[in-house]
There are 2 protein chains.
Amino acid sequence: MHIAKDHDVRKAEFLDTAMSLFIERGYDDTSVNAIIEAVGVSKGAFYHYFRTKEELLDELAARAGEQAMAIVEPIVSEPGVPAVDKMNAMFARTNAFKAQNRELMLTLARVFYSDRNALLRSRMTRRSVELTAPALARIIEQGNREGTMAVGHPTQTAQMILEFGATVVAGFAQRLDEIDRDPAVGDELILSMRVYTESVERILGVAAGSLTLVDDSIVRIVRGYTTESNGGADDRS
Amino acid sequence: MHIAKDHDVRKAEFLDTAMSLFIERGYDDTSVNAIIEAVGVSKGAFYHYFRTKEELLDELAARAGEQAMAIVEPIVSEPGVPAVDKMNAMFARTNAFKAQNRELMLTLARVFYSDRNALLRSRMTRRSVELTAPALARIIEQGNREGTMAVGHPTQTAQMILEFGATVVAGFAQRLDEIDRDPAVGDELILSMRVYTESVERILGVAAGSLTLVDDSIVRIVRGYTTESNGGADDRS
DNA sequence: AGGTAGGTACCGACCATCGGTATGTAATGT
DNA sequence: ACATTACATACCGATGGTCGGTACCTACCT
C-alpha cells in the first residue's frame, strides 16, 4: 500500500514541512503529531528518522548554516576583490533575496523572530555564525593587509559582528508590528539599521560610509509596510 | 486549617520559587506541578494568580527589568561624575556581584544561558535592555557634551550596546563548559571579552583603554573554573 | 446580635494533548 | 533465505490547563 521513498527524500520532506510549520506556529506549538499529519505518515515514521523532536530542530539549524555558508563561500574566495567590497557583497546578497520576497520575508521575520521561536532562532543563528565567522574573519584579515581595516583580533571580531547583526535584526523584526500603531517606529528602525552599519564601520576601523550592510531595499520594505501600494518614495538621502 | 496569606505575599512566593526552579531545571523542564509542590499549594491556587505558566514568566521578566533599573539609576543620576566613569561603574556593579558569588554565578550562567532557556533569557534581557537603555543613553549624551565620546545617535547606540553585551555574555556562558575539555577555550573567552570592550570603545569613539566593562574578577572566574583551588595567578597584564 | 450575600483564596479531580516507546509487519536489498 | 529498512499502531506517563466545589472573610441589612 504505502510506497517506500528514498531515505534522504523522506527526511528532506520531514525537514521542509517541519520548518514551515515551525515558521507558522512556532517550535513549541508545533507538535510531532502535526508534523506527521502534514507529511501523511505515522509516528513510527517520524521516530525512525529522528530520535527526538529536538534532533530535527538541530538538523534544521545545521541545514541553515550550510546554506548560509554556501552563499558566503564563493564571495570570500573571489580573488582580486577588496575586502570592503567583499563585505558589502556578503550582506547585499542576503538583502537582495529579502527585497525580492518582500511578502515572504515579512511574515517569516515576524514569526521567526517572535520570541515564541527563541529556541529555534538561537540554534539557527548560532550554527550560522559558527560556520560563517571564519569566512568573515578571512575578509577582515585581508582588509588588515590592504590597510583598509584595523582590527586586532579578526576571528573574535568576525564572530561578534555576526552575532551582533543577528541581535539587531531580531530586535528589528520584533518591532515591525509596532509600525501599524505608530508610523514613527519605522523611522526609528531605519535609523537603528544605520547606527548598526556605523557601529560595524567603527569596530572595523574602516572609513565612514564605506559599508552598506543594509541597502535601500530593506528601507523600502519598512516604508511599504503599512500601505501595500507605495506611491512616490519620500526618501531623503 | 489552611492559613490565607496576603495576595502579594503569596504571589511573590510563587515568583521566587518559580524563578529558582527555572534557574535549576530550565523553564520548559519545570512543570506547574513542580512549582505548586514547592510552594505547597494546589493547582487551583496557581491558576488563581496566573492565567498561564507563561504569564508568570513575563512577570518574572518585568521584575528582573525593574531590579536592573534600580541598580543603574543611582549611578546615572550622580552629578559631577564623568560619563566614562559612570559607564565603568555601571558595568562594574554587576561584575562585583558576580565575583562575590562565583559559585552561584557559574551554575546560574550555565543554566540561564543554556539554550533550553532561550525563551526565559530572551524575555528577561529584552525587558532589561528596554528599561536600562534610556539611562545609558543619558550617559552617552553626557559623554558627547564632555567631548569624551562621539556618538551620532545615543538612544539607538545605547540599546545596541546593551543588546550586544547580552549576546556576548550569552555566547560566553554557553562556552564555559568547553573549558573542561580544552583549557585553551578559557583564553579564547577572555580574549573575546577584551574584544567586546574594545568594540564598544570604538563604537562610542572613546579613548582606547578607558573602558573596563569586564574586570579581572571575571577573568579569575574563568581561570579558576577548572580547578577549584586556584594557586598562584599567572597573570600577564 | 444574627443572618446572609458576595467576593477572594484555594482545593483536587479531571481532560486533551504532548513527546516518546514498544511491538508488530510489509517491503526491499543481498 | 534472511536480515535490514521503513514504516504502522497501540500505548505510556507527564504536562498545561479547566472546572465545580468549598472554606473563609467582610459588609450590609434587619
Side-chain angles (χ1 to χ4, degrees), chain A residues 1-61 114-120 122-123, chain B residues 1-61 114-120 122-123:
Chain A
M1 181 55 65
H2 49 181
I3 310 105
K5 300 197 180 182
D6 186 55
H7 184 88
D8 295 339
V9 174
R10 176 95 325 154
K11 190 159 191 173
E13 202 174 347
F14 272 116
L15 288 171
D16 290 337
T17 40
M19 184 63 196
S20 63
L21 284 175
F22 288 167
I23 290 291
E24 250 180 72
R25 314 208 276 260
Y27 172 75
D28 276 325
D29 294 346
T30 300
S31 65
V32 175
N33 279 324
I35 297 173
I36 65 173
E37 192 184 339
V39 177
V41 293
S42 71
K43 209 130 185 202
F46 181 93
Y47 285 96
H48 175 68
Y49 288 93
F50 308 96
R51 260 173 307 182
T52 65
K53 185 186 169 192
E54 213 171 311
E55 186 176 291
L56 185 151
L57 177 62
D58 282 335
E59 298 211 18
L60 273 179
S114 100
D115 63 4
R116 282 192 336 194
N117 271 323
L119 179 61
L120 174 69
S122 169
R123 293 272 171 102
Chain B
M1 181 54 70
H2 51 162
I3 310 106
K5 299 195 182 185
D6 185 57
H7 184 88
D8 293 341
V9 175
R10 177 80 344 142
K11 191 159 191 173
E13 203 176 346
F14 272 117
L15 289 170
D16 290 337
T17 36
M19 185 62 197
S20 63
L21 284 174
F22 289 168
I23 290 291
E24 248 180 73
R25 317 208 273 259
Y27 172 74
D28 277 325
D29 294 347
T30 300
S31 67
V32 175
N33 279 325
I35 297 173
I36 65 174
E37 193 184 339
V39 177
V41 293
S42 73
K43 206 96 173 249
F46 181 93
Y47 285 94
H48 174 69
Y49 287 93
F50 308 97
R51 259 173 307 181
T52 64
K53 185 185 169 191
E54 213 171 312
E55 186 176 289
L56 186 151
L57 176 62
D58 281 336
E59 299 211 17
L60 273 179
S114 100
D115 63 4
R116 282 192 335 192
N117 271 323
L119 179 61
L120 174 70
S122 169
R123 296 269 172 105

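Numbers restart at 1 for each chain; the letters A, B, ... are given by sequence-line order, proteins then strands. Since this is a predicted model, take the numbers as computed values, not measurements.
A:E55 pairs by the side chain to side chain donor-acceptor pair (under 3.5 Å) definition with A:R51, not counting sequence neighbours. Listed by chain and residue number, B:R116 satisfy the salt bridge (Lys or Arg N to Asp or Glu O under 4.0 Å) test with B:D29 (two or more places apart in sequence, or in another chain). Residues satisfying the side chain to side chain donor-acceptor pair (under 3.5 Å) criterion with B:D58, sequence neighbours excluded, are B:R123.
Remark: A:H48 is in phosphate contact with D:dA6, judged by side-chain N or O atoms under 4.0 Å from OP1 or OP2. In this model, the phosphate group of C:dC10 is approached by a side-chain N or O of B:Y49 to a distance below 4.0 Å at OP1 or OP2. In this model, the phosphate group of D:dC7 is approached by a side-chain N or O of A:R10 to a distance below 4.0 Å at OP1 or OP2.
Comparing D:dA6, D:dT9, C:dC11 by their closest approach to the side chain of A:H7 singles out D:dA6.
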Table please: side-chain donor-acceptor pairs of residues 16-23 of chain B below 3.5 Å, with sequence neighbours left out.
residue, atom, partner, partner atom, Å
B:D16, OD1, B:R63, NH1, 3.2
B:D16, OD1, B:R63, NH2, 2.9
B:T17, OG1, B:E13, O, 2.6
B:T17, OG1, B:F14, O, 3.2
B:S20, OG, B:T17, O, 3.0

Quick one: side chains of residues 34-45 of chain B, donor-acceptor pairs under 3.5 Å with protein atoms, not counting sequence neighbours, listed by atom name and distance.
residue, atom, partner, partner atom, Å
B:S42, OG, B:G44, N, 3.4
B:S42, OG, B:A45, N, 3.4

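Per the geometry, CD1 belonging to B:I36 stands 12 Å off P belonging to C:dA13, to the nearest Å. For the pair B:I35 CD1 and C:dC10 P, the interatomic distance rounds to 16 Å; values are reported in whole Å. Regarding B:D6, its CG atom lies at a distance of 10 Å from the P atom of C:dC10, rounded to whole Å. For B:F46 and D:dC19, the CZ to P distance is 17 Å, given to the nearest whole Å. Atoms CD (B:E55) and P (D:dG17) sit 10 Å apart, rounded to a whole Å.
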Can you check nucleotides 15-19 of chain C for protein contacts, nitrogen or oxygen pairs under 3.5 Å, and list what you find?
residue, atom, partner, partner atom, Å
C:dC18, OP1, A:S31, OG, 3.3
C:dG19, OP1, A:K53, NZ, 2.8
C:dG19, OP2, A:V32, N, 2.7
C:dG19, N7, A:K43, NZ, 3.1

A:F50 vs A:L15, test: side chain to side chain contact (heavy atoms under 4.5 Å, CB included). Steps then yes/no.
CA-CA 10 Å; A:F50 308 96; A:L15 288 171; 4.2 Å; yes
